Protein chains: 2
Amino acid sequence: MPNTFKTAAERRIRQCGGRVTAGRVRILTILLAEQQAITHREIERRLLGKLPLDRVTLYRVLEWLTDKQLIHKVVSDDRVWRFHTNNELNSHQHAHFKCTSCASVICLDELPNERDWSLPIGYQFQEIELTVKGLCAECV
Amino acid sequence: MPNTFKTAAERRIRQCGGRVTAGRVRILTILLAEQQAITHREIERRLLGKLPLDRVTLYRVLEWLTDKQLIHKVVSDDRVWRFHTNNELNSHQHAHFKCTSCASVICLDELPNERDWSLPIGYQFQEIELTVKGLCAECV
DNA sequence: TACTAGTTGCAACATTGTTGCATTACTAAA
DNA sequence: TTTAGTAATGCAACAATGTTGCAACTAGTA
Ligand SMILES: [Mn+2]
Ligand SMILES: [Mn+2]
Ligand SMILES: [Zn+2]
Ligand SMILES: [Zn+2]
């Protein structure tokens, strides 16, 4: 139901008190329909068929959606950010899996406990960023 | 003892069967003297006083030292690689700490167990990449 | 010393993301 | 419904980090 995703996107954007613009709706709709975390480039490609959206606007919309916590940003060793919608399951801190063959990224639900990491004296813990690497089911 | 570091650098490079060139020695000497993982840029700055080394050569030397496992590369959310010498303690897989204030990076010695992460069906584990973020002793 | 494969310097390029600013368009108020 | 104000957009230029191709150089060896 792509229409359902679009409706949900519009509703979420409005709930944030933000302006419901075509770009925001199109981008959030794409992300809502996507199982895995995808890159700026991949979103750009999905926007190609319809009238294209400027790449700077895409960066700015992704930043806005992240600020509003409608999506989250995943960092990776390939220096490319990936984005994924937030829901109840992954709105908290969580780990990610990245396939070393196809570079696909998914969210995992676990994260090790802070107390498992003894830092040097004087150091203050804030958060953990964890990526499990391996082969996804497609690439195995 | 900077001279000691230089001697050690020469020895390690020779032990790898690689040519002992001025650039390699200067770079590995800098890394041996450094407690924390430092960036390409930071190494470049430390090379400034003496006759400068081309930035492409610096990239290529860092790649070579990494291939030879004399140093290792640390990925970070700021899309900048950092490099640190290998020794007995950190030659194995290990976690890193990154200060969210000054961006300094150090190696930790622990890493969670593979079995702690249940992957989706069909996924194959390879390795874990973990960064603890917080404030270092200087910034706390 | 001369040879040669490995190494370097330089210029050009690629990728990912950012900034400034004029123009456009969403929304609320009239 | 129209208007006005502000938020959002498009475009060009820029920044940071890393890569590639190739000619010139040099460390190690015979
Ligand atoms: Mn995630
Ligand atoms: Mn390390
Ligand atoms: Zn894969
Ligand atoms: Zn710090």
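This one's a predicted model, so the numbers in the text were calculated from it and none came from an experiment. Quick note on labels: first sequence line is chain A, next is B, and so on, each numbered from 1.
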Please tabulate, one pair per line, each protein N/O and nucleotide N/O from nucleotides 24-28 of chain C that are separated by under 3.5 Å, including the distance.
unit_1: C:dC26; atom_1: O2; unit_2: A:Arg19; atom_2: NH1; d: 3.4
unit_1: C:dC26; atom_1: O2; unit_2: A:Arg19; atom_2: NH2; d: 3.4
unit_1: C:dT27; atom_1: OP1; unit_2: A:Val20; atom_2: N; d: 2.8

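- Judged by closest nucleotide on DNA chain D, A:Arg24 is the one of A:Arg24 and B:Val80 placed further toward the 5' end.
- Between the CZ atom of B:Arg26 and the C1' atom of D:dA27 there is a distance of 17 Å, rounded to whole Å.
- The only member of A:Lys133, A:Lys98, A:His96 that meets side chain to side chain donor-acceptor pair (under 3.5 Å) when paired with B:Glu129 is A:Lys133.
- Within the structure, salt bridge (Lys or Arg N to Asp or Glu O under 4.0 Å) contacts touching residues 62-73 of chain A (residues at least two apart or in different chains) do not occur.
- D:dA16 atom P lies 12 Å from atom CZ of B:Arg45, rounded to whole Å.
- Under the 30°/60° scheme for interplanar angles, the aromatic rings of B:Tyr123 and A:Phe97 are found to stand perpendicular.
- At least one side-chain heavy atom of B:Ile43 sits less than 4.5 Å from a side-chain heavy atom of B:Leu62.
- Looking at B:Arg82, its side chain never comes within 3.5 Å of a backbone N or O of B:Val74 through a donor-acceptor pair.
- The NE2-P distance, from A:His40 to C:dT18, rounds to 10 Å in whole Å.
- As rounded to whole Å, 15 Å separates atom P of C:dT15 from atom CH2 of B:Trp81.
- Taking a cutoff of 4.0 Å between a charged side-chain nitrogen and a carboxylate oxygen, A:Glu34 and A:Arg46 qualify as a salt bridge.
- What separates CG of B:Asp54 from P of D:dC22 is a distance of 18 Å, to the nearest Å.
- Per the geometry, CD1 belonging to B:Ile13 stands 13 Å off C1' belonging to C:dT7, to the nearest Å.
- Between the P atom of D:dG18 and the CG atom of A:Asp77 lies a distance of 13 Å, rounded to the nearest Å.
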List the steps and the verdict of side chain to side chain contact (heavy atoms under 4.5 Å, CB included) for A:Gln36 and A:Val105. CA-CA 6 Å; A:Gln36 34 184 52; A:Val105 172; 5.8 Å; no
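- Residues of residues 55-66 of chain A having a heavy atom closer than 4.0 Å to DNA chain C, listed by number: A:Arg55, A:Val56, A:Tyr59, A:Arg60.
- Taking the six-membered ring for Trp and thresholds of 30 and 60 degrees, A:His72 and A:His84 have ring planes more than 60 degrees apart, a perpendicular arrangement.
- With A:Asn86 contributing its side chain and A:Gln69 its backbone, the two residues share a donor-acceptor pair below 3.5 Å.
- Whole-Å rounding puts the B:Arg79 CZ to D:dA15 P distance at 16 Å.
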